[in-house]
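All ligand and atom numbering here is 1-based and tracks the order in the structure. Residues: numbered from 1 along the sequence shown.
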Amino acid sequence: MFVVAGSASQRLSKELAKSLKAKLAKTEIKRFPDDECYVRIDEDLDGEDVFIVQTAWPDRNIVELFLLQDAVREYDVSALTTVVPYFGYARQDKQFKSGEPISARAIARLIQTQTDEFMTVDVHAPSVIDWFEDVSAKNVCAYPEMGKFLRTQGVQMILSPDEGRWDNAKRIADVVGCEADYLVKERLDGETVKMTPKSLDVKGKYVAIVDDIISTGNTIVKAAEQLKKQGAKKIAAACTHAVFANNALERLRRVCDEIYSTDTIENETTAVSVAPQIAKMAKD
Ligand code: R5P
């Protein structure tokens, strides 16, 4: 069994290879002077079960993923599983206005042409999984690993910034062994959110605000401001997918004491690996 690491998912691929007791394939991945991508797999993959791991964001990593799939397909592999830890474009999962594409469907259709199985992590819209009509597609949950990690940090309360993610927050709180609550958020546009003030039992507590994605950071900043006003002792922001658009991280650091994310998008706040959960799902 081999794991082929895309350049966006090197760290997670190593962890996954360990969890699956698989070999990490030797590869060469580089860019030509015109920025086109070049990949080469320096292994004999004939007859092997192969996992490609590559986050499909930003766009250049999607192209690299397609090239890796094509390279693996040159071998007579036993099975190819494409693991896309963070599935970009998942937030355009329907036509909001006429004339728009269903971007998540467009990406899903391309990925599935070159794989036997597909796995992703904490997909933003579950409907994305349904776009994989020709292959088995699975969504892996990060909450068991995030919950275990936050427990070691002494977190005393979990807060969801909106009702939509309440289920996930509750699951994390169950693993931590603490209480959970949620705020009421209204998204006005891609960059503006409104939080309705709500009384929370946070005075003197270490509270972690948990979300699937942090993009502009506006959701977390608004939530943290409420927690501060209400006397929280310490605030952590924890997410699965650390997109951190523009100066989001800098803005988050002004209002949060700690920022944690998983390795679906590898960055300086990565503290949790989702590899054990991917391996578990792969064995099921
Ligand atoms: C929304 O439904 C998501 O769960 C996140 O809350 C959202 O993507 C965060 O975006 P931002 O960081 O731009 O507020």
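In this structure, Lys198 is positioned above the aromatic face of Tyr182, its NZ or CZ under 6.0 Å from the six-membered ring centre and within 45° of the axis.
The backbone N or O of Leu12 sits less than 3.5 Å from a side-chain atom of Glu266, completing a donor-acceptor pair. In this structure, Asp162 contributes its side chain and Arg165 its backbone to a donor-acceptor pair below 3.5 Å.
Arg91 counts as a contact of ligand 1, since one of its heavy atoms falls under 4.0 Å from the ligand. Heavy atoms of Asp212 come nearer than 4.0 angstrom to ligand 1 in at least one pair. The shortest heavy-atom distance from Gly217 to ligand 1 is under 4.0 Å.
Of all atoms in ligand 1, numbered sequentially from 1 with element shown, those under 4.0 Å from a heavy atom of Lys185 are 1 (C), 6 (O). Here is the list of ligand 1 atoms found below 4.0 Å of a heavy atom in Arg187: 7 (C), 9 (C), 10 (O), 11 (P), 13 (O), 14 (O). Residue contact check: His124 has heavy atoms under 4.0 Å from atoms 1 (C), 2 (O), 3 (C), 4 (O) of ligand 1.
At the top of the distance list for atom 14 (O) of ligand 1, counting protein heavy atoms only, stands Thr219 OG1, 2.5 Å. Nearest protein neighbour of atom 9 (C) of ligand 1, counting heavy atoms only, is Ile213 O, 3.4 Å.
In this structure, NZ in Lys222 is found 11.5 Å from NZ in Lys185, a value given to the nearest 0.5 Å.
When heavy-atom distances to ligand 1 are checked against a 4.0 Å cut-off, Asp211 comes that close only through its side chain, counted from C-beta outward. In Thr216, the parts holding a heavy atom less than 4.0 Å from any atom of ligand 1 are both the side chain and the backbone.
Between Arg253 and Glu268, at least one side-chain N (NZ, or NE/NH1/NH2) sits under 4.0 Å from a carboxylate O, which counts as a salt bridge.
Contact of the Pro276 side chain with the Glu145 side chain is registered, since non-hydrogen atoms from C-beta on lie closer than 4.5 Å.
The aromatic rings of Phe87 and Phe132 sit perpendicular to each other, their planes meeting at more than 60°, with 30° as the lower class boundary.
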